[in-house]
Amino acid sequence: MAHPQPARVRYEFLVRGDLSERVLAAFPELSVAEAPHAYTALYGPIDGDTQLRGMLARFDALGITVVEMRRLPD
C-alpha cells in the first residue's frame, strides 16, 4: 500500500541577525521578508518533517539562531 505524500506546509523562520547574501544562498528554497531590526524572516514551503528537521539542522550548522518558527496559514 502506498503512503500518501505529506502536504507542503509553509513555515516562517525568524532568525537573529542580518544575514549576508552568501548565507541566504544556503537557503534557496526560502524567501526573505521584512523583519524588525536585527532579525531576518525567511519563509517558504517545507515538504514534511524530514525536510523541516534538515532545515533546522542547516540553520544550526551555520550558527544561525532561530528565534521563532511558525506554520503559516494556507
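Nothing here was measured: the structure is a model prediction, and the numbers come from that model.
- Shortest non-hydrogen contact noted between G44 and L30 is N-CD2, 3.7 Å.
- Hydrophobic clustering places L56 together with V23 (ILVMFWY residues linked when any side-chain heavy atoms are closer than 4.5 Å, directly or through intermediates).
- The stretch residues 18-37 participates, sequence neighbours left out, in these side-chain hydrogen bond (donor to acceptor under 3.5 Å, both in side chains) pairs: E29-R58.
- Taking every heavy atom of both residues into account, A35 and A41 meet most closely at CB-N, 3.7 Å.
- Note on V32 and M55: same hydrophobic cluster, where clusters join Ile, Leu, Val, Met, Phe, Trp and Tyr whose side-chain heavy atoms are under 4.5 Å apart, directly or indirectly.
- With contacts defined as side-chain heavy-atom distances shorter than 4.5 Å, the pair T40/L42 qualifies.
- Side-chain contact between V15 and Y39 is absent, with no heavy-atom pair separated by less than 4.5 Å.
- For R10 (side chain) and R71 (main-chain N/O), no donor-acceptor pair under 3.5 Å exists by modelled atom type.
- Listed by first then second residue, pairs satisfying ring pair (Phe, Tyr, Trp, His ring centres under 6.0 Å) with a partner in residues 40-74 read F13-F59, F27-F59, not counting sequence neighbours.
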Donor-acceptor pairs under 3.5 angstrom involving side-chain atoms of residues 63-70: please list them, not counting sequence neighbours.
from	atom 1	to	atom 2	distance (Å)
R70	NE	E12	OE1	2.7
R70	NH2	E12	OE1	2.9

